[in-house]
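Worksheet for the structure shown next.
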2 protein chains.
Amino acid sequence: MGAQAQRTEEWADVTPDAARRLLTAAVEAFAERGYHATTTRDIAGRAGMSPAALYIHYRTKEELLYRISGVGHRLALGILRQARDGAGTPAERLADAVRRFVRWHAEHHTTARVVQYELGALGEEHYAEIVALRRDTDGAVRDIIEDGVAAGDFDVPDVRGTTLAVLSLCIDVARWFNADGKRTPGEVGELYASLVLRMVGCAEDS
Amino acid sequence: MGAQAQRTEEWADVTPDAARRLLTAAVEAFAERGYHATTTRDIAGRAGMSPAALYIHYRTKEELLYRISGVGHRLALGILRQARDGAGTPAERLADAVRRFVRWHAEHHTTARVVQYELGALGEEHYAEIVALRRDTDGAVRDIIEDGVAAGDFDVPDVRGTTLAVLSLCIDVARWFNADGKRTPGEVGELYASLVLRMVGCAEDS
DNA sequence: CGCACCCCTAAGCGCTTGCTCAGGAGGCGG
DNA sequence: CCGCCTCCTGAGCAAGCGCTTAGGGGTGCG
């Protein structure tokens, strides 16, 4: 699946068409240069429109970031919750969560970069809303690890610290992953799943 | 040791005094807001000077970032090389490297944030120079892991991937670490050292 | 056809940005 | 006292910023 197909799928429910084109253009630009170094003229230009067209669909440049951040965070949270609530042993569910979470960060690394590294540019209220989503993200991973500890499958002296480390490890994939590199998103997900199982002292590897 | 003492120690060899004040002001500002969102007026203001004073000591705003990035990368590389070339088993040396690398990222998290997350704002030539330093950083960690594998102490199927993951984990400390939080830099370093030993499949924990 | 509606553009406003430049304050050798 | 050197400031320039406004063209409905 090409990047184009990914994008239209990821933002499929954004209408009208021009608003979606502006959103995906903003994702690209923010990921490449960062929010503050991106101009509204650049975004509009990538979408094939004049700078003024942006303000018909979005009130400010910050609103674009907020929309992107919201969609991305809800998607990431959904992935982790689905893994947490799935069937299988805690080890299987943790591996599944990491595999899919990492895979998303690699496959959609442009979106993920904006989602994970540009939240500081959000306005105060929007920032607070996003931070709440991030707490839920943390909670989902912690739940799985606590299940594993309770079942006696994991050996984790510091649950909160280890949760933080696991999430940090996965998130940082968005920073270094390069689509032209030799690792596929699936391979990175597999590697990371096995590393994380080791981090929680899980007896058997999967 | 307070943040002030840390700063004067870290940048002790920058002279004259005004140039050092501007550098530390730039570190603070870049870490808080990011390079592009920081104005030269803000930097000069924090250093207690007029905007024009900045250009007596530095040719551009980018040169400030370059200087900070250079000092930071050389410091980080030094920490890892010292651990690599030290005495002890590969496990001891890897744990030492992670402990001190993470500790530095936590203690100097303002500097580290600039060093690790703002390199995209560097000019082309400066960027290439810094990327070379980062390759050396990767090499130092890989050396230790390869030693452990050769000695039969580590079980690492994918050395390059695991090296990448270990460094990524440590670097990301700069992003989330909060000086007001309940974990001290030393505690985080200790936790991360034990997690990394598990990642490399090291038989005994230290 | 007439007209309202939506989507878009050309032009530009007010402001901030990185950076420059002429000149002033203070120390120091003669 | 002078003249020089170092370090710094006040004022400001050209360019680029986010965003606004007045108006044009296409489409669908009566």
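Side chains are part of it too, since the values below use all heavy atoms of this structure and drop only hydrogens, waters and symmetry mates. Chain letters run A, B, ... following the sequence lines, proteins first, then strands; residues in each count from 1.
Close to dC8(C), at under 4.0 Å from its OP1 or OP2, lies a side-chain N or O of H57(A).
When the P atom of dT20(C) is taken as reference, atom NZ of K61(B) falls 14 Å away, rounded to whole Å. R41(A) has its CZ atom 16 Å from the P atom of dT17(C), to the nearest Å. What separates OH of Y55(A) from C1' of dT9(C) is a distance of 15 Å, to the nearest Å. Put simply, CG on D42(A) is 13 Å from C1' on dG16(D), counting in whole angstrom units. If you measure from atom CG of D17(A) to atom P of dC6(C), you get 18 Å, rounded to the nearest angstrom. What separates CG of L54(B) from P of dG10(D) is a distance of 15 Å, to the nearest Å. Residue I56(B) contributes atom CD1, which lies 8 Å from atom P of dC7(D) at whole-angstrom precision. Summarising the geometry, the separation between CG on L65(B) and P on dG18(C) is reported as 13 Å, rounded to the nearest angstrom.
Considering only side-chain atoms of T60(A), the nucleotide from dC7(C), dG18(C), dC19(D) that sits closest is dC19(D). Among the nucleotides dC19(D), dT9(C), dG18(C), the one closest to the side chain of T39(B) is dG18(C). Counting only heavy atoms from C-beta on, A53(B) has its side chain closest to dC8(D) among dC19(C), dG18(D), dC8(D).
The pair R59(A)-E63(A) meets the salt-bridge criterion, with a side-chain N (NZ, NE, NH1 or NH2) lying under 4.0 Å from an Asp/Glu carboxylate O. D136(B) and R74(B) are not joined by a salt bridge, as no carboxylate oxygen comes within less than 4.0 angstrom of a charged side-chain nitrogen. A salt bridge links D172(A) with R175(A): at least one charged nitrogen is closer than 4.0 Å to a carboxylate oxygen. Salt bridge status for D138(A) with R142(A): present, with a side-chain N to carboxylate O gap under 4.0 Å.
No side-chain donor-acceptor contact under 3.5 Å links K61(B) to the backbone of L54(B).
S50(A) comes within contact range of at least one nucleobase, with a heavy-atom separation under 4.0 Å.
Two residues, A52(B) and M49(A), neighbour DNA chain C, and the one matched to the more 5' nucleotide by heavy-atom proximity is M49(A).
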